[in-house]
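See below for the structure under consideration.
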Amino acid sequence: MSAPKRYTVTAALPYANGPVHIGHLAGCYLPADIYVRYLRQNEKDVKFICGSDEHGVAIIMKAKAEGVSPQEIVDKYNGIMQQAFEGFGISFDIYSRTSKEIHHKTASDFFLKLYEKGAFTEKETEQYYDPEAEQFLADRYIEGECPNCHFPDAYGDQCENCGTSLSPTDLINPRSRLSGAKPERRKTKHWFLPLDHLSGRIKSFIQSHKDWKPNVYGQCMSWLDDSGGLQARSMTRDLDWGIKVPLPDAEGKVLYVWFDAPIGYISATKELMGDDWETWWKDEDTALIHFIGKDNIVFHCIIFPAMLMEHGEFILPDQVPANEFLNLEGKKISTSRNWAVWLHEYLQDFPDQQDVLRYALCAAAPETKDNDFTWKDFQTRNNSELVAIYGNFVNRVLVLMQKYYNGTVPQPAAFSETDQELLQLLADAPANIGQSLDQYRFREALSAYIQLARSGNKYLADEEPWKLVKTDPERTQTILYVATQVCAALAQLGEPFLPFTSARLRSFLHLDLMSWEACKRKEFIPAGSQLEKGELLFQKIEDDKVQTQLDKLKRNPTQNNPSQKLIPLKEEITFDDFTKLDIRTGTILAAEPVPKTDKLLKLTVDIGVETRTIVSGIAEHFKPEDIIGQQVSVLANLAPKKLRGVESKGMVLMAENAEGKLVFAQPSDTMENGSVVR
RNA sequence: GGCGAGGUAGCUCAGGCGGUUAGAGCGCAGGAUUCAUAACCCUGAGGUCAUGGGUUCAAUUCCCAUCCUCGCUACCA
C-alpha cells in the first residue's frame with residue numbers, strides 16, 4: 001500500500017489469566033508503542049488498539065484454582081495488566097476488554113453475519129459430557145492418566161508432566177475436573193468455519209505480502225502447504241463463560257475464544273470511535289497492522305483474515321510484524337514456573353526507570369530470532385549506554401551551559417566544517433531513524449538514535465570548549481550552541497523510544513514536542529533561550545541491584561528443582577490385577593530406527609518362548625548398535641499395536657525420571673530369556 | 001521424519017541480487033583527557049562468515065548435502 005490515509009494498529013490482546021512479563025513487552029507491546037508514537041509524531045492518523053482477552057477455558061480453570069469467579073479473575077488481571085502498560089507508557093488509544101457489552105454485541109453480530117451468509121457448516125461431534133455437572137467438558141476440563149508418561153493428572157489437551165499434546169480421548173480413565181465423575185461421550189453440535197475454499201484467496205493474499213518478515217511469511221506458507229489444505233475449525237464451544245452463540249438451538253454454547261478475541265480489536269475501535277469506527281476497518285486507505293508474538297502468526301495471518309474475508313466488508317492486515325521469543329537468563333520464559341520478569345514487579349523494583357527497560361528490550365528485541373535477556377546485559381545497557389553515552393552527554397552540555405552562560409543559549413559565530421557536519425547529522429536524523437522504523441527495524445532505529453549522543457560526546461571531546469573558554473570565548477559560544485542543538489534533537493527524536501526521558505529532557509530545555517518532519521532542522525533552540533539546570537537523566541545500576549533480581553529468579557522453588565516433581569502413587573490394585581501382567585526377560589537381538597520418526601526404534605527381542613518385534617520410543621536415548629545384546633524386561637501379553645506401520649508386540653520396560661531420562665529395567669544378573677518377572 | 005526460521009568477532013546482533021583489507025555496540029588491552037555519574041574521546045587485538053561438496057575467473061553471499069538451535073507437525077505400548 002502506498003501512503004495510507006490512516007493506520008489501525010493493534011497489539012495482541014493479552015489473556016487475562018496472569019500478569020504481563022518482559023517477553024510480552026519486548027515481542028509485542030513495546031515495538032507497537034514505538035511505532036505508534038512514531039506515526040503520531042509524523043502527524044499520521046493512527047489508532048492504537050488493545051484490550052484484555054477475558055474468555056476461554058483457561059480463565060475458568062484459573063478461577064477454579066483460586067476459588068473465585070471467572071469475573072473476579074479477569075477483573076484482577078485486567079487491572080494489573082492495564083496498570084503495567086500504563087506504567088511503561090504503552091500509549092494505547094483504547095484498552096478495552098472482551099467482557100464488555102459492546103464486544104459481546106459486535107462478536108455475535110459478526111458470527112450472525114457469517115451464519116447468514118452460510119459460512120459455517122454445522123457438525124455433530126462426540127464430546128465428553130459430565131453427567132453430574134450436566135455439561136460438556138472442554139479438553140482442559142478432563143483429566144486422566146497420560147498415555148505417554150502415565151502421569152495420573154494429565155489434562156485433556158496436554159500432559160503437564162511430560163509436555164505431550166493430547167486429545168481427551170487419549171487419556172486413560174478420564175474423569176471430569178468439575179465433579180470427578182466419569183465423563184461419557186455425547187453428541188453435540190458445533191459450527192465450523194471451513195477454510196479449504198478460501199485457501200486460494202488466502203494464499204494469494206499472503207503471497208502479495210512478500211514484504212512481511214521472513215519468519216512471518218515463511219510460517220504462513222508452510223502452514224498453507226502443509227496438511228493437505230486448511231482444515232475446518234470449530235468456532236463454538238460447549239461452555240458457559242464467553243459470548244453466547246446467537247442462535248436459537250445453541251443453548252450452553254459460546255463462541256470459541258479464538259473467534260471472539262480478534263473481533264475484540266474491532267469492538268474496541270467501536271468503543272473508541274463510535275460511528276466512525278468503520279473507516280478504520282473497512283476503508284481501503286486504512287493500513288491495518290497487527291503487532292503480535294510469533295505464537296500468533298498463523299492466527300493473525302490466516303484464520304482472522306479468513307474470518308474477515310468471509311464477512312466481506314473488512315480490509316485485511318497490511319503488516320504483521322511478529323517478533324520471535326525472548327528468553328530469560330538462557331531459559332525459556334515460563335509463567336507456570338515463574339521464570340519471568342513481571343512488569344508490575346519491575347515497576348516496583350525500579351521506580352521511574354521504565355525507559356531503561358524499554359531501552360534494553362528494544363536494543364535486544366527478538367526481531368529476527370529468539371534472543372536472550374540477562375540482567376547483566378540490562379545493567380550494561382543502562383550503565384554504558386544510557387548513563388555513559390546519553391545521560392553523560394546531556395549532563396556535560398547542561399553543566400557547561402550553566403557554568404559559562406547561566407543557562408542562556410549563546411549566540412553562535414560562524415560555523416566550522418565540523419559544526420556544519422554535526423548540524424547536518426541532526427537534520428538528517430529524522431529521515432535516517434524513520435527509515436528504520438518504517439521497516440519495523442527497531443533495534444537499528446534505536447542504535448541510530450543513540451548514535452546522535454555518541455556524536456555529541458565526540459564533538460565535545462574534539463572541540464574542548466573547557467579549554468577554549470579561556471582563550472576564545474566566541475568559539476566556545478558556537479560550540480555550546482551546537483551541542484545544545486544535539487540535546488534538543490535527542491529530546492525530540494527520543495519520544496518513540498524513551499518517552500519519559502524525552503519529556504524530562506524537553507522540560508529542561510523548555511521545548512514542546514515537535515513533529516518528526518519539523519525535526520529535520522539544524523536549529524531547535526535559538527540563541528537567547530533559557531535552559532534549566534536539569535538533573536541526571538539516568539542513574540547507574542550497581543551490581544547488588546542486579547544480583548537481587550537474579551536471586552529473586554533463582555529463589556523460586558519450582559524453578560530450582562523441577563525434578564522433585566515426582567509422580568504420585570497410583571491407586572491400589574489387587575494381586576489378581578497384578579497377575580494379569582506377563583513380564584518376561586528377553587534380549588535385544590536387533591535394533592533399527594523406524595523410518596521417518598525421531599523416537600521409535602524397531603527392536604527384535606528374544607523372549608525365550610519366541611522372538612518378536614517390539615517398537616519402542618527410545619531412539620532419542622539409545623543408539624541401535626549400543627543396545628544389541630541388552631537384556632531387558634518385556635511386558636509380553638500387551639495387545640499388539642501398529643506404530644508407524646510396524647506391528648509392535650509387547651513393551652520394553654524402562655525407568656524414567658522426571659527429566660525424561662530413560663534406563664532399561666533389566667535383571668541385575670543375566671537370566672535365561674523367557675524367565676518370569678514378578 | 002516433514003515444513004518454517006536461524007547458525008557471522010568472547011557477548012548481543014547488522015550485512016551481503018558473488019568481486020579490493022567482512023561491519024556495529026558491549027566486553028578486553030593500550031593511549032589521551034578532565035567539562036561530565038572513574039564517565040567521554042582515540043587506537044588496537046579478536047572472525048576458516050556452522051561443516052562438506054558443487055557452479056564460477058571469483059562464494060561468507062548462489063545450489064546441494066550434513067550438523068546444531070528454535071517453532072509448528074508426525075511419533076512414544
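All chains are named by letter (A, B, ...) in the order of the sequence lines, taking the proteins before the strands, and each is independently numbered beginning at 1.
To the nearest whole angstrom, the two P atoms, one in B/C28 and one in B/U33, are 22 Å apart. Atom name P, nucleotides B/G6 and B/U43: the rounded distance is 34 Å, in whole Å. Taking atom C1' on both nucleotides, B/G47 is separated from B/G7 by 14 Å, rounded to a whole Å. Here the separation of B/A29 from B/C72, taken at their C1' atoms, is 47 Å to the nearest Å. Straight-line distance between the P atoms of B/G4 and B/G53: roughly 26 Å, to the nearest whole Å. When the C1' atom is compared between B/A5 and B/G19, the two are found 29 Å apart, to the nearest whole Å. Taking atom P in both B/U48 and B/A9, the straight-line distance is 8 Å, to the nearest Å. Look at the C1' atom in both B/G10 and B/U37: the space between them is 28 Å, to the nearest Å.
Between A/Glu329 and A/Thr374, the side chains place no donor N or O within less than 3.5 Å of an acceptor N or O (distance only, hydrogens not considered). Counting only N and O atoms by type, the side chains of A/Thr501 and A/Asp355 include a donor and acceptor under 3.5 Å apart.
At the heavy-atom level, A/Ser616 lies under 4.0 Å from the strands shown only through sugar-phosphate atoms. A/Val298 comes within 4.0 angstrom of no nucleic acid atom, judged by non-hydrogen atoms across all strands. If you check every strand for non-hydrogen atoms under 4.0 Å, A/Lys294 touches sugar and phosphate atoms only.
B/A36 is unpaired under the Watson-Crick or G-U wobble criterion, no partner having all donor-acceptor distances under 3.5 Å. Nucleotide B/G44 forms a pair with B/C28, judged by Watson-Crick or G-U wobble geometry with both contacts under 3.5 Å. Pairing of B/C62, defined by two Watson-Crick or G-U wobble distances under 3.5 Å, is identified with B/G54. Nucleotide B/A5 forms a pair with B/U69, judged by Watson-Crick or G-U wobble geometry with both contacts under 3.5 Å. Look at B/G23: its Watson-Crick or wobble partner, with both distances under 3.5 angstrom, is B/C13.
A/Tyr459 places its OH atom 16 Å from the P atom of B/C42, with the value rounded to the nearest Å. Rounded to a whole Å, the CE atom of A/Met221 is 10 Å from the P atom of B/G4. When the P atom of B/G27 is taken as reference, atom CD of A/Glu385 falls 8 Å away, rounded to whole Å. For A/Asp543 and B/G27, the CG to P distance is 13 Å, given to the nearest whole Å.
Between A/Phe325 and A/Ser455, the residue anchored closer to the 5' end of RNA chain B is A/Ser455, taking for each the nucleotide with the nearest heavy atom.
Considering all non-hydrogen atoms of both residues, A/Ile333 and A/Ala340 come closest at CG2-CB, 3.8 Å.
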Base versus backbone protein contacts along nucleotides 31-40 of chain B [heavy-atom cut-off under 4.0 Å; B, S, -]:
---SBBB-SS

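Side chain of A/Asn323 to main chain of A/Ile292: no donor-acceptor pair is present (N/O by atom type, distance under 3.5 Å, no hydrogens or angles). Remark: the backbone N or O of A/Gly330 is paired with a side-chain donor or acceptor of A/Asp372 at under 3.5 angstrom.
Listed nucleotides B/C3, B/C72, B/A5 differ in distance to A/Asn215; the shortest reach to its side chain belongs to B/A5.
Take A/Lys210 and apply the salt bridge (charged side-chain N to carboxylate O under 4.0 Å, His left out) test, not counting sequence neighbours, and it matches no residue.
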